[in-house]
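Right, one structure below, let's go through it.
So that the names make sense, note that chain A is the first sequence line, chain B the second, and so on, each numbered from 1.
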Number of protein chains: 2
Amino acid sequence: MVGPMLNPAAVAPVRVRRHSAGSTHQAARSTARCSSCAMRHLCMPQGVAANELPQLEALICTARAVRRGESLYRAGDSFDNLYAVRSGSLKTVMAHRDGREQVTGLRLAGEALGLDGISSDQHACSAVALEDSSVCIIPYAALKHLCREIGSMQERLHKLMGEQIVREAAQMMVLGSLSADERVAAFLLDISERNAQRGYSSAEFNLRMTREDMGSYLGMTLETVSRTLSRFQKRGLIDAQGRFIHIVDPEGLRQVGPPERPGR
Amino acid sequence: MVGPMLNPAAVAPVRVRRHSAGSTHQAARSTARCSSCAMRHLCMPQGVAANELPQLEALICTARAVRRGESLYRAGDSFDNLYAVRSGSLKTVMAHRDGREQVTGLRLAGEALGLDGISSDQHACSAVALEDSSVCIIPYAALKHLCREIGSMQERLHKLMGEQIVREAAQMMVLGSLSADERVAAFLLDISERNAQRGYSSAEFNLRMTREDMGSYLGMTLETVSRTLSRFQKRGLIDAQGRFIHIVDPEGLRQVGPPERPGR
DNA sequence: CGACAGGTTGATTTTCATCAATAGTTGTGG
DNA sequence: CCACAACTATTGATGAAAATCAACCTGTCG
């Protein structure tokens, strides 16, 4: 795994407690260089040889700040860059013809963003910041070129895309096969794991999504999300105060199963 | 778009009518070379220069026959190859811990298969033939190497992955936001479009999935699928006889909307 | 302050799943 | 080729999960 030193998210491990809402990171100025940013995370894991580092650094990689509620890109925008979340978090949103929207993804610090634009040179969904955030900009053309020179970079990009394919397939399973309780439990455990992978607490985190965002992502209404969380709390599985979530009993969450039917 | 001459699916445009169920294609022997197979489709669209063709052909690309019900690969299998469906069709299936399975995708002739293995060198889902089918085998290692030499090939592979990312996101929308009626309508229109793109009829096709497969893919039960199709038939939108589907009124299908609620 | 967005909880309705019975299809082996 | 078994599809009756509608509460911010 990526050591904390290479993990941009670990640079400023903000763990906001309830009611101390403000993000403490300093959003990078939009012209700042970004040599120690998520680009490393994005490219290094399988190890780029030391002598290739200069080329890697040469990849123009500036940072951009995105304020809460702002779009990093919108569906239909021309696709030029990939992004790596440096701090904060964003949701991806896709719209149906008739205007209905659905949250299709959540990106935490250290995760990649923008792959939805590759297929048609236009972004297929919008990326909206859930809190003041900053991202590294990775020009796709340059990255593509670099991938032809450096095998490990090509490998890394492929894996990144492959991971998203698998993650989305897993989410299709969640939406297609699981009950409301199971969906919420799976979601909380997913966030918990992703936090752990990035060196944060797996037990406590501040989810920046609203209940409505969660519901949209999980294919249910905000009321159902709220009720489910309340029920989990009564059962002693979690302790939720608004957006601050404390996972008390992860094992219990994993055992949340399909609605039990009498006599089976 | 890809001209019919380059489209392997067009080589034997089998359009099976109701009750003449058998697929007429001759499944390629599993050792057959596959120079005019879907590999072209997979690689050519944006145009590989003529002088690069030999390299392309050199990519070891054999065919493999898969009988109805057989797996091309299973979740957990080591990932070595991508595949292009040459004839027939397959479903991809993902399993939950507790054994529940869900159909996560459907691949028709000319479409690519196997990208779910890239991220972890193991396939994340299984691919099961819905009818006797044949696929081209594309060794991933060789393809990766070729992508570093030929830019258009790299481009093509990236787009292929990007397309799957977008397709899956769209399916998440279907599962998360649409009513049962809308899901079935969207599914039929999707198949219809994909058929049209590949030179088949957009109005009539033989869906090899069972009602249960469809239900699994669409996040509903087989009974609901059946009822919905019956209702569409009564409304004159389609004419379905078992797995043979005739789309009578595509525009009407597109207008299938959310459950209307009185007084809004 | 007061308007507003977000969150919780309750009452009611709706959609869809489940259970069940039957009929149609397909493939197999005698 | 027919008969049988096994799978697949349709349709109806009933029930449960989740959506909708609604009221109220909280904290935030101009």
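Between dA19(D) and T221(A), a contact under 4.0 Å exists linking OP1 or OP2 to a side-chain N or O.
In this structure S126(A) satisfies the side chain to side chain donor-acceptor pair (under 3.5 Å) test with no other residue, sequence neighbours excluded. Every residue was checked against the side chain to side chain donor-acceptor pair (under 3.5 Å) condition with S226(B), not counting sequence neighbours, and none meets it. Residues satisfying the side chain to side chain donor-acceptor pair (under 3.5 Å) criterion with D77(B), sequence neighbours excluded, are absent altogether. E251(B) is linked by a side-chain contact (heavy atoms from CB on, under 4.5 Å) to D249(B), R254(B), Q255(B), counting only residues two or more places apart in sequence or in another chain. Residues meeting the side chain to side chain donor-acceptor pair (under 3.5 Å) test with S192(B), sequence neighbours left out: none. For A196(B), the side-chain contact (heavy atoms from CB on, under 4.5 Å) partners two or more places apart in sequence, or in a different chain, are S202(B).
The overall bend of the helix from dC1(C)-dG30(D) to dG30(C)-dC1(D), read as the angle between its terminal helix axes built from five base pairs each, is 40° when rounded to 10 degrees.
Between R231(A) atom CZ and dT8(C) atom C1' there is a gap of 13 Å when expressed in whole angstrom units. Between the CG atom of L207(A) and the P atom of dG6(C) there is a distance of 15 Å, given to the nearest Å. Going from atom CZ of R67(B) over to atom P of dG27(C) covers 12 Å, rounded to whole Å. Rounding to whole angstrom units, CG of residue L175(A) and P of dA18(D) are separated by 13 Å. The nearest whole Å value for the distance from the CZ atom in F244(A) to the P atom in dG27(D) is 17 Å. The nearest whole Å value for the distance from the CG atom in L218(A) to the P atom in dA19(D) is 11 Å.
Looking at which nucleotide of DNA chain C each of L178(B) and R68(B) is closest to, the 5′-most match is held by L178(B).
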Enumerate all atom pairs, one protein N or O and one N or O from nucleotides 9-13 of chain D, separated by less than 3.5 Å.
from: dA9(D); atom 1: OP1; to: R243(B); atom 2: NE; distance (Å): 3.1
from: dA9(D); atom 1: OP2; to: R211(B); atom 2: N; distance (Å): 2.7
from: dT10(D); atom 1: OP1; to: R211(B); atom 2: NH2; distance (Å): 3.4
from: dT10(D); atom 1: OP2; to: R211(B); atom 2: NE; distance (Å): 2.8
from: dT10(D); atom 1: OP2; to: R211(B); atom 2: NH2; distance (Å): 3.4
from: dT10(D); atom 1: OP2; to: S226(B); atom 2: OG; distance (Å): 2.8
from: dT10(D); atom 1: O5'; to: S226(B); atom 2: OG; distance (Å): 3.2
from: dT11(D); atom 1: OP2; to: S230(B); atom 2: OG; distance (Å): 2.5
from: dG12(D); atom 1: N7; to: R227(B); atom 2: NH1; distance (Å): 2.7
from: dG12(D); atom 1: O6; to: R227(B); atom 2: NH2; distance (Å): 3.0
from: dA13(D); atom 1: N6; to: R227(B); atom 2: NH2; distance (Å): 3.4

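Other residues, nucleotides and ligands place no more than 12 heavy atoms under 6.0 Å from the CZ atom of R68(B). Taking a 6.0 Å sphere around CZ of R235(B), one finds it holds more than 12 heavy atoms contributed by other residues, nucleotides or ligands.
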Less than 3.5 Å apart, which donor and acceptor atoms pair up between the side chains of residues 182-189 of chain B and the rest of the protein, not counting sequence neighbours?
from: E182(B); atom 1: OE1; to: R100(A); atom 2: NH1; distance (Å): 3.3
from: E182(B); atom 1: OE1; to: S179(B); atom 2: N; distance (Å): 2.8
from: E182(B); atom 1: OE1; to: S179(B); atom 2: OG; distance (Å): 3.0
from: E182(B); atom 1: OE2; to: R100(A); atom 2: NH1; distance (Å): 3.3
from: E182(B); atom 1: OE2; to: R100(A); atom 2: NH2; distance (Å): 2.5
from: R183(B); atom 1: NE; to: L178(B); atom 2: O; distance (Å): 2.9
from: R183(B); atom 1: NH1; to: L218(B); atom 2: O; distance (Å): 2.8
from: R183(B); atom 1: NH1; to: G219(B); atom 2: O; distance (Å): 3.2
from: R183(B); atom 1: NH2; to: L175(B); atom 2: O; distance (Å): 3.3
from: R183(B); atom 1: NH2; to: L178(B); atom 2: O; distance (Å): 3.2

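Nucleic acid contact for G219(B): sugar-phosphate only, since backbone atoms but no base atoms lie under 4.0 Å from a heavy atom of the residue.
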